[in-house]
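To start, the structure under review is shown below, and the notes come after it.
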Amino acid sequence: MSTWIELFPDLLPGLWVTIKLTLLALGLGLPCGVVLAGLSAAPSRWVRWPVIVVVEIGRGVPGLIVLYLVYRGLPQVDVVLSAFLSAGVGLAFSTAAYTAEIIRAGIAAVPVGHREAARALSLSPLQEFRLVVLPQALRTVIAPLVGFSIILYQGTSLAYAISVPELLSRAYNAASITFQFGAALTLAGAMYAVVSLTATALAGARSRERVL
Amino acid sequence: MNHPPQPLLEASDICIAYGGHQVVHDVSLAVAPGEVISLIGPSGAGKSSFLRSINWLEPPCSGTLTFDGSTFRGLRDGGVSKRQLQGLRRSIGMVFQQFNLFPHLSALENVVLAQVHALGRSKAEARERALQELHHVGLGEVTDKLPSKCSGGQQQRIAIARALALDPQVMLFDEPTSALDPEYAMDVLVTMRRLADEGMTMLVVTHEMHFAAEVADRVVFMAEGRVVEEGPAAALIRDPQHERTQKFLAAVKGR
Amino acid sequence: MTVMEHLQALAGGIGTTVTLTLAAFGVGAVAGFPLALARRSSQWWLRLPALAVIEVLRAIPPLVWLFIVFYVIGADFPLMTPFQAAVAGLGLIAAAYLAEIYRAGLDAVPDGQWEAASATGIGTLTTYRKVVLPQAALIVVPPAATYLIALLKDSAVASVVGTTDITFLAFQEARVTLEGFEVFVIAAALYLALSAPVALVARTADRLISRRLGL
Ligand SMILES: Nc1ncnc2c1ncn2[C@@H]1O[C@H](COP(=O)(O)OP(=O)(O)O)[C@@H](O)[C@H]1O
Ligand SMILES: [Mg+2]
């Protein structure tokens, strides 16, 4: 326990990087996810199908491979990003794909009867979406989105593999110097767990699926 | 009731198909102003499909609908424009079996929504009118409740108020009491009867033979996508002519 | 370097990735079952520890678990290979996720089934074996298959502690050939190809269930 207290100041900056990375990935990825969800309902299949393919790729490829591709693959085509940005962009790609699917499912879950009622009340298609579908979809989507954000927070640990100085890297470095692997790694684990569990409890988000 | 020469609504040779499979064949029906018509028939007869074609929720593949001086043509005969559709739906109210209230809005907001966004009424005016309609269906006390906090009977009456607030000329009801416990169904039937007494033009798909016999002017019996028999309500239910109708009514009454 | 040559370099990792995923899934499938039963128990001294274990396992990133298993617990087992550590680490996480999936499956069997079974006078154990489990087992297939895909993707983290799976070989191939772009695209395609049949199973099972149980 006392070693945990000694190590804590060393790990704290790592926690900050981890949180920044989570927010960056959400900030970049969530808007893209909303757009992709919208496009996946497009009337034209020339729009719909490519979007579905992108989303399925984003959900099907390991996060680690995506990070390597951005950090170690893109420089080959002259896109050179810092490790932090690479991690942010890579995680944002996965975020876009997962949130697109969450939002698409949320929209699809609105009972068709409610859309029909809106139509019978002579609301226009745009009003039907804005006033009836969207408010309901937003409600069903909040819990899975929070659940995803928690998984994303955990997923930032992958950035260790491209040497971003986030929480796990800090713990590993501290351990290599002091040889207190047990204390350093379990403290890091506890720091991940406390944030995850608190967020879960606050949001009441029970339905978390394992992703990334 | 004698048929006045000028129907308010006339459906001619309506055909409806789902994915190439035709389920309603050449159904025609003229509805006079103030007339109450019950559509009865076994499940799968095409009653809902036909009813939903009248406000174009289910666009007919062929046939025409004449309403209030405008003609609406089925998909194969040219279809309708968005403007036309909006006008048609503004004048026709619909009540669903499953109520279909908007769960994120209170009873009052459900009734206000389309008044503001479809008719362009001011919020204050719409609110005023909504309160009035809710009182009218006997629900002055639930205005601020969410639908999920209301009984089925209350929900269905909110749905009726929601439709009435747009001043429809015709009301369509698709088995409005089938999802309700008998005691709640009564409240809804009473509301509908009053609406009929006030002179509303109504088309009601129902399995409530008492309602059909007592409230409706005319009954239309459908089976396998066709009108088999129609006539004055009391007479048709008491003394059906077709064997198919006799069988159906015997089965329903036997229950 | 051609695509074929890269593919050949990575192909050696396919077996490791698949074995690792299936082994961890197997560990989770077995260990998850008692965990699910404990989690549903009416006894608090069974329910609460099970809840704690499940929640903690799900709240810590897989890579961190792997490090803890490999560097901390592994310190007492010097002969433990990275592969074994990965099976243990991912298997534990799988147990937590699969326990929740089992629990949902058991919960989905309507109470009426319990009542109907006890009304016939068969015991609790028989009810479980003959009535509840067969129904729950079917319900569990689609989410379990979905989780198997998630686990396949998670298995990539094992490369970080030195398991020579697809990702590990891709990393090396990229470093040696300096053609990271092609190499990681090929690796991504390999993972997608491996998950495709599982996704198909999940989809088919889903359709079968909605038809059979009307759920
Ligand atoms: N959305 C739909 N898609 C495909 N078939 C439908 C749809 N709605 C109704 N049907 C079919 O059309 C026929 C008539 O249905 P419906 O109009 O609901 O009859 P009713 O209301 O008299 O029970 C039935 O065979 C039904 O299965
Ligand atoms: Mg019907």
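In what follows, chains carry the letters A, B, and so on, assigned in the order in which the sequence lines appear, proteins first and then strands, with residues in each chain numbered from 1. Nothing here was measured: the structure is a model prediction, and the numbers come from that model.
- The backbone N or O of A:Arg59 lies less than 3.5 Å from a partner atom in the side chain of C:Lys153, making a donor-acceptor pair.
- Using non-hydrogen atoms only and a strict 4.5 Å limit, the part of residues 174-195 of chain A facing chain C consists of A:Phe181, A:Gly182, A:Leu185, A:Thr186, A:Gly189, A:Tyr192, A:Ala193.
- Contacts between C:Val160 and chain A at a heavy-atom distance below 4.5 Å involve the side chain alone, from C-beta outward.
- At a 4.5 Å heavy-atom cutoff, the contact between C:Val185 and chain A is made by backbone and side-chain atoms alike.
- With a threshold of 4.5 angstrom between heavy atoms, C:Ala156 approaches chain A through its backbone and through its side chain.
- Interface residue C:Leu178: only backbone heavy atoms are found under 4.5 Å from chain A.
- Counting only distance, with no hydrogens or angles, the side chain of C:Thr163 and the backbone of C:Asp165 share no donor-acceptor pair below 3.5 Å.
- When the shell of 6.0 Å around CZ of C:Arg47 is examined, it contains more than 12 heavy atoms from other residues, nucleotides or ligands.
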Hey, can you pull the donor-acceptor pairs under 3.5 Å for the side chains in residues 3-16 of chain C, sequence neighbours left out?
residue	atom	partner	partner atom	Å
C:Glu5	OE1	C:Thr2	N	2.9
C:Glu5	OE1	C:Thr2	OG1	3.2
C:His6	ND1	C:Glu173	OE2	2.9
C:His6	NE2	C:Glu179	OE1	2.7
C:Thr16	OG1	C:Thr164	O	3.4

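- When heavy atoms are compared at a cutoff of 4.5 Å, A:Leu168 approaches chain C solely by way of its side chain, counted from C-beta outward.
- The pair C:Glu100-C:Arg103 meets the salt-bridge criterion, since a charged nitrogen lies less than 4.0 angstrom from a carboxylate oxygen.
- No donor-acceptor pair closer than 3.5 Å links the side chain of C:Tyr128 to the backbone N or O of C:Leu133.
- Ranked by heavy-atom pairs under 4.5 Å with chain A, the first of C:Val56, C:Thr167, C:Leu152 is C:Thr167.
- Only the side chain of C:Ser159 comes within contact range of chain A, with heavy atoms under 4.5 Å apart.
- When heavy atoms are compared at a cutoff of 4.5 Å, A:Tyr160 approaches chain C solely by way of its side chain, counted from C-beta outward.
- Considering only residues two or more places apart in sequence or on other chains, C:Glu182 meets the salt bridge (Lys or Arg N to Asp or Glu O under 4.0 Å) condition with none of them.
- The candidate from C:Ile73, C:Ile68, C:Ile101 with the greatest count of non-hydrogen atom pairs under 4.5 Å with chain A is C:Ile68.
- At distances below 3.5 Å, not a single donor-acceptor pair connects side-chain atoms of C:Ser155 with backbone N or O atoms of C:Leu20.
- The side chain to side chain contact (heavy atoms under 4.5 Å, CB included) test applied to A:Ala137 returns A:Ile107, A:Val110, not counting sequence neighbours.
- With A:Thr18 contributing its side chain and A:Leu167 its backbone, the two residues share a donor-acceptor pair below 3.5 Å.
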